[in-house]
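Below, chains carry the letters A, B, ... as their sequence lines are ordered, and counting in each starts from 1.
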Amino acid sequence: MSANLEAARSRVNALREAIESHNYRYYVLDDPEISDSEYDRLFLELQQLESQYPQLLEPRSPTQRVGGEPLSEFSTAEHRIPMLSLGNAFSEAEMQAFDRRVRESCDAGEIEYCAEPKFDGLAVSLRYESGAFVRGATRGDGSRGEDVTNNLRTVRAIPLRLRGASPPVLEARGEVLMLRADFDRLNERQSAAGEKEFVNPRNAAAGSLRQLDPRITAQRPLRFFAYGIGDVGGQSMPRAHSQALDWLAGLGLPVSSERRVVSGLQGMLEYHQWMGSRRGALPYDIDGVVFKVNALVMQEKLGFLARAPRFAVAYKFPAEEATTQILAIDVQVGRSGTLTPVARLKPVFVGGVTVTNATLHNEDEIRRKDIWRGDTVFVRRAGDVIPEVARVSRPGARAADDRFVMPATCPVCRSAVIRLEGEAATRCTGGLFCPAQRKQALLHFASRRAMDIDGLGEKIVEQLVEKSLAVSPVDLYGLKPEAVAGLDRMGGKSAQNLIDAINASRGRPLARLIFALGIPGIGEEVAKVLAGHFEDLDNLVEADWGGIAEQKKSLQRDNAARKRRGEPALPQLLEGIGPELMDSLAKFLHESRNRAVIMALNEAVRPGLAGTPRGAALAGKTFVLTGTLPTMTRDRAKGLIEALGGKVAGSVSGKTDYVVAGEDAGGKLEKARALGVRILDEHGFMQLIKKKEIPDGR
DNA sequence: GATCCTCGAGTTCC
DNA sequence: CTCGAGGATC
């Protein structure tokens, strides 16, 4: 018995190794040694042995890619190092500008770039600990995505264990996609089974990855290619991006075989052209090529913009265009009353989807492009997402009434329409009297980034407004379940759910509430600044804007003078809020109806202060500095921390909140690891102080 | 006064 | 995602 078990154990191990190694040859080296049927035979044998000897089962076995029950929803996964997007370029001129910026910042002649195709799939992040795949997440908004670990485990191109000597921690980033051939076969299967076909490989991949039941994902032919490293611990990094990619391939992660190292602008242009010509011959869809400065020291020097690294660019292929006809030009009314003309199009398949609407932005845009009703036009998807009318291909019959004229009254509420001098937008003057604006205001109030009220969608809002159950956002908090249950498509249960969701939004951070008010020009960021300054709605409502404007001006003059003397600047008052925004705020807050709504909301919501930046953002936090930071001196780092109210200590203890570690960090870093203190590199540190806020916790 | 950057607003499709 | 406008900076 035990001899049998031992024999089975060694066979099982041999089979697992063989299968992993064939996966590696197939997905990473693209050079299979055995046929698919031979592979299937090995797999079957392993499955049989494991069912005969269940004690040999292990989660790391290739047969155990599907595990766990279907989820009811994905949990969110935090990206410790944000997953950024890339800056785009569409022309040689833009590429030239990119190359020039890089050369100027690095003070170098010809730059070496690492070039790769830009896959048209979904970005994911894979976390390996001691070589084992432990977590996979979608990109989401860049700082938090969805935890899709169980689904990614079913993707055979993703190794469950890394090969060879693996680092203690590795976060690999890459793209999940579907090959065109696999996509075609999947659609044949879907239609044979009477299921809905997918419209393009990208959507098929996205839909497959977002399945709550991993058994379904397992049946979808997904692929993965790695293109970068998010986080790596306990490993000295290679010196160049191309070497990092080679390293990832060596660990068993598939990396595009189309990657090259090219030299200078000329090299980039040639690669772009070359990939463009081979686009149709590749087994997967790409929408451009990506160039990254190859030397990592230069990458660090170049650093980051708000959402994208300065050392990389995506050179897109020209968007696919299609011709179709303009059936009508309608006018929509937005949250701030903006009238937006929208082209209703004869449905046309372009860039992987069927397009029926396209925004025409405003009157000037229509005039500039000379678009009339009935015209045949070129349509494309700008950035491969938003449909856009590029230009007229052939004019229609063009009778006088085919010409677009901006209506003189709001199409929804019939109020007069106004176009201010120097502005592109035409606006409805109806304000909250206009049902369209009321609806949009409520939708904005409930939206995810504002008060995040689940279940308050377009259909419900429409009825609430039409039945006058909600005129302003405060009314939401007084809604009775019976009233809500009377609406279309609403039973007692969903009515209660909605009421619960509304109640759950009480206590949300002040910054969200200010943003939710929908004051013109006051978005998420500005709302945070206001919340941080006033800390409560009474203060905001009573603010003396004339006085604040004066104060700000004198502070700016002061700082200009300090700068000339080489002194550090004082923290700016209400940063990013200038005369225009102050004016907008003053006007809004002057109206007694707005004030009444705000004060009532203050009572109903009782906002908290999470997510709020503060003058002393690091108050109470203790930092320890160790090693040499790449671009700043220790004194400068210390100054920054202290300016934000933090303390800098000499040694690491349980009371230390953060250790900022640079090159050649020594014992302090080790101690921090041992104590589980958060460790930041210079970049992470800059991110932290840039945010300057109390964690939102959402 | 020019230029760079960030933020806000509007938008499409599944 | 893109455009335009406001704000910051030189």
Engineer: Output the rounded distance in Å from CG (A/Asn362) to P (C/dT2).
Structural biologist: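 My rounded result for the distance is 17 Å.
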
Engineer: Under 3.5 Å, which protein N or O atoms sit close to an N or O of nucleotides 10-14 of chain B? Give each pair with its distance.
Structural biologist:
unit_1, atom_1, unit_2, atom_2, d
B/dG10, OP1, A/Ser336, N, 3.4
B/dG10, OP1, A/Ser336, OG, 2.5
B/dG10, OP1, A/Thr338, OG1, 3.2
B/dG10, O3', A/Thr340, OG1, 3.3
B/dT11, OP1, A/Gln332, OE1, 3.4
B/dT11, OP1, A/Thr340, OG1, 2.7
B/dC13, OP1, A/Thr356, N, 3.0
B/dC13, OP1, A/Thr356, OG1, 3.3
B/dC13, OP1, A/Asn357, N, 3.1
B/dC13, OP2, A/Asn357, ND2, 3.3

Engineer: Just N and O in the side chain of A/Arg310: are any of them under 4.0 Å from OP1 or OP2 of B/dC5?
Structural biologist: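 For A/Arg310, the contact criterion (side-chain N or O under 4.0 Å from OP1 or OP2 of B/dC5) is met.
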
Engineer: Enter the distance from A/Leu222:CG to A/Asn151:CG here, rounded to the nearest 0.5 Å.
Structural biologist: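 Result: 9.0 Å between the selected atoms.
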
Engineer: A/Arg368 CZ to C/dG4 C1': how many Å, rounded?
Structural biologist: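 Distance, rounded to whole Å: 11 Å.
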
Engineer: I need the CG-P distance between A/Leu555 and C/dT9, as an integer number of Å.
Structural biologist: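 Those two atoms, CG and P, are 11 Å apart.
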
Engineer: Using a cut-off of strictly less than 4.0 Å, decide whether A/Lys552 has a side-chain nitrogen or oxygen near OP1 or OP2 of C/dA8.
Structural biologist: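 Affirmative; the distance criterion is met.
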
Engineer: Under a 4.0 Å threshold between the charged nitrogen and the carboxylate oxygen, would A/Arg103 count as salt-bridged to A/Asp99?
Structural biologist: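 Here A/Asp99 pairs with A/Arg103 in a salt bridge, since their nearest N and O are under 4.0 Å apart.
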
Engineer: For the pair made of CG in A/Leu574 and C1' in C/dA8, what is the distance, rounded to whole Å?
Structural biologist: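 Value for this atom pair: 15 Å.
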
Engineer: Please state how far atom CG in A/Leu517 lies from atom P in B/dA9, giving the value in whole angstrom units.
Structural biologist: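 In whole Å, B/dA9 P and A/Leu517 CG are 12 Å from each other.
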
Engineer: What's the CG-C1' distance between A/Leu581 and C/dA5, to the nearest Å?
Structural biologist: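 The answer, rounded to whole Å, is 10 Å.
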
Engineer: Where does the angle between the aromatic ring planes of A/Phe119 and A/Tyr284 fall among parallel (under 30°), tilted (30 to 60°) and perpendicular (over 60°)?
Structural biologist: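 Aromatic pair A/Phe119/A/Tyr284 classed perpendicular.
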
Engineer: Nearest-Å distance, NE2 (A/His361) to P (C/dG4)?
Structural biologist: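 Value for this atom pair: 8 Å.
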
Engineer: To the nearest 0.5 Å, what is the distance between CD on A/Glu363 and OG1 on A/Thr426?
Structural biologist: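 Here the rounded value is 5.0 Å.
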
Engineer: Answer with yes or no after comparing the ring centroid distance for A/His444 and A/Phe515 against a 6.0 Å cut-off, counting only values under it.
Structural biologist: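 Ring centres of A/Phe515 and A/His444 closer than 6.0 Å.
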
Engineer: So, A/Phe198 versus A/Phe183, ring centres under 6.0 angstrom or not?
Structural biologist: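 No, ring centres 6.0 Å or more apart.
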
Engineer: Send over the distance from A/Leu585 CG to B/dG8 P, rounded to a whole Å.
Structural biologist: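 Those two atoms, CG and P, are 12 Å apart.
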
